[in-house]
K.L.:
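The structure's right below; bear with me while I get my questions together.
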Amino acid sequence: MSDSVSAQPATASGPHWSAPVARRPVSARLSLPGSKSVTNRALVLAALSESPCLVHRPLVSRDTELMADALRALGTGIVPAGADGQDLAVTPAPLRGPASVDVGNAGTVMRFVPPLAALADGEVAFDGDPRARERPVGELLDALRALGADIDDAGRGSLPMTVRGTGSVRGGEVVLDASGSSQFVSALLLGGARFEQGVHVRHQGPPVPSQPHLDMTVEMLRAAGVAVSVGENSWRVEPGPVKLSRIDVEPDLSNAAPFLAAALVTGGEVTVEEWPEHTTQPGDQLRSLFTRMGGEVSRDGGALTLRGTGRILGIEADLHDVGELTPTVAAVAALASTPSRITGIAHLRRHETDRIAALAAEINRLGGDAEELPDGLVIRPRPLHGGVFHSYDDHRMATSGAVIGLAVPGVEVENIATTRKTLPDFPGLWAEALA
Ligand SMILES: O=C(O)C1=C[C@@H](OP(=O)(O)O)[C@@H](O)[C@H](O)C1
Ligand SMILES: C=C(OP(=O)(O)O)C(=O)O
């Protein structure tokens, strides 16, 4: 059931980070960096576009740097732009190998780039962090093979692997089981307009997780002029040009989670600027999740405020669609006065780490009462004490340790630097929010 290898604490690198305790209710107003998921889709679509494209206010973090480097390796021009140099000017060029791509531990790079490699002329080798070799990708590789790509993974169904691009992909209809990751479907759709016959992806198996991320893929493709039709467990992308000149990246609402949680668990008030009116980001569901956990949410123009009421309530929630939010929801649940039951997240066992096993182990290490379910967690109220909170090289585990540390003196988060996966300076932003 649990993924015992990667559920072991990763070796600590450097001293632990002493999570600051909130001496008073947190009161902060913040602007958050751009969304990882939007930025990495934007870069992929810009690389496939028929004309140059400006990506405005992209996230700059490990996952997006890995994506930019991967696309540069395939021949795409990507350089800083804009008055403050914070934008990215993307100049598409014929995709080509030979190249090698380091996916790090970025699911988006590991899944979204192979279809582009299949469209490239030449060989493209993929590898990444040790954990990347354990994350699922085989179903996607089989689908790409069925669509005409030539991929050598030595029969492993995982990294490392080489895509032998021929400059074109036939495309057409393909059936796969995408219950392990929505990113298999997103990957095929993002590249699909450039396949000769487009692509018709059909899912067969247990439900695909992360529906908002699928909606994000479809919406961004349509904004790029690509014809997409969606049925039940079925997505069709017509062949045709990708037409983009500018993409504005929204703030990362999943990264808003620990900051809003800080208001909730300290009875404070946190405002996030530029919360989009309409968005496909799963983080938008924090509004309802944290209201159910005792907070009060309000909007003032573009800003969203979460106010803690002094009550921290447990929650019964199926987080299948918004799995990314689980580590923060679990951290709040560990501080709540009533029990929580979080389900629908079996696929999180193959995320950056086995998040179900890791959350249970770390909450219990601090004296808490967390129990693993095959597809989730039960967390019951029990006073916590200080100790080391292992992050398992998982950005969202590290930020969860920070949330618990607000209310529990003596929490030491191991490898806080792992938050750079999706946030350039989490410790700095956290200190600012607590100042
Ligand atoms: O497409 C995306 O940008 C993402 C999809 C989700 O992946 P899974 O469906 O594998 O959970 C999510 O967890 C991940 O953080 C980002
Ligand atoms: C699961 C996540 O990332 P990835 O894109 O690597 O799958 C995440 O950010 O929570």
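Both counts, for ligands and for their atoms, begin at 1 and track the order of listing. Side chains are part of it too, since the values below use all heavy atoms of this structure and drop only hydrogens, waters and symmetry mates.
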K.L.:
For side chain to side chain donor-acceptor pair (under 3.5 Å), just list the numbers for S186 and H213, CA-CA rounded to whole Å, side-chain angles, deciding distance to a tenth of an Å, and then say yes or no.
P.N.:
CA-CA 8 Å; S186 286; H213 283 111; over 6 Å; no

K.L.:
Around R341, counting heavy atoms of other residues, nucleotides and ligands shown, do more than 12 lie under 6.0 Å from its CZ?
P.N.:
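No, CZ of R341 has 12 or fewer neighbouring heavy atoms, counting only those of other groups under 6.0 Å.
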
K.L.:
Would you please say whether a donor-acceptor pair under 3.5 Å links the side chains of H390 and E362?
P.N.:
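Indeed, the side chains of H390 and E362 share at least one donor-acceptor pair under 3.5 Å.
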
K.L.:
Do R355 and D394 meet the salt-bridge criterion of a basic N to acidic O distance under 4.0 Å?
P.N.:
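Looking at D394 and R355, the cut-off is met.
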
K.L.:
Under a 4.0 Å heavy-atom cut-off, what residues line ligand 2?
P.N.:
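Residue list for ligand 2: K36, N105, A106, G107, T108, R135, Q183, E324, H351, E352, R355, H395, R396, K421.
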
K.L.:
Classify the side-chain pair E196/S168 by whether it contains a donor and acceptor separated by less than 3.5 Å.
P.N.:
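There is such a pair (donor and acceptor under 3.5 Å, judged by atom type) between the side chains of E196 and S168.
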
K.L.:
Under a 4.0 Å N-O cut-off, is there an ion pair linking E219 with R222?
P.N.:
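No, no charged N to carboxylate O under 4.0 Å.
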
K.L.:
Answer yes or no: is there an ion pair linking R133 with D127, defined by an N-O contact shorter than 4.0 Å?
P.N.:
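Here R133 pairs with D127 in a salt bridge, since their nearest N and O are under 4.0 Å apart.
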
K.L.:
Please tabulate, one line per pair, the protein nitrogen or oxygen atoms found under 3.5 angstrom from a nitrogen or oxygen of ligand 1, with distances to 0.1 Å, or say none if there are no such pairs.
P.N.:
residue, atom, partner, partner atom, Å
ligand 1, 1 (O), R41, NH1, 3.4
ligand 1, 1 (O), R41, NH2, 2.6
ligand 1, 3 (O), S37, OG, 2.6
ligand 1, 3 (O), R41, NH1, 2.9
ligand 1, 9 (O), S182, N, 2.9
ligand 1, 9 (O), S182, OG, 2.6
ligand 1, 9 (O), S210, OG, 2.8
ligand 1, 10 (O), S181, OG, 2.6
ligand 1, 11 (O), S210, OG, 3.2
ligand 1, 11 (O), H351, NE2, 2.8
ligand 1, 15 (O), K36, NZ, 3.0
ligand 1, 15 (O), E324, OE2, 2.6

K.L.:
Tell me which donor-acceptor pairs under 3.5 Å the side chains of residues 419-433 have, and how far apart each pair is, sequence neighbours excluded?
P.N.:
residue, atom, partner, partner atom, Å
T419, OG1, I416, O, 2.7
R420, NH2, E65, OE1, 2.6
K421, NZ, D63, OD2, 2.8
K421, NZ, N105, O, 3.3
K421, NZ, E352, OE2, 2.8
T422, OG1, H395, ND1, 2.9
D425, OD1, G428, N, 2.9

K.L.:
What residues form a side chain to side chain donor-acceptor pair (under 3.5 Å) with R246, not counting sequence neighbours?
P.N.:
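Side chain to side chain donor-acceptor pair (under 3.5 Å) check on R246 returns D248.
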
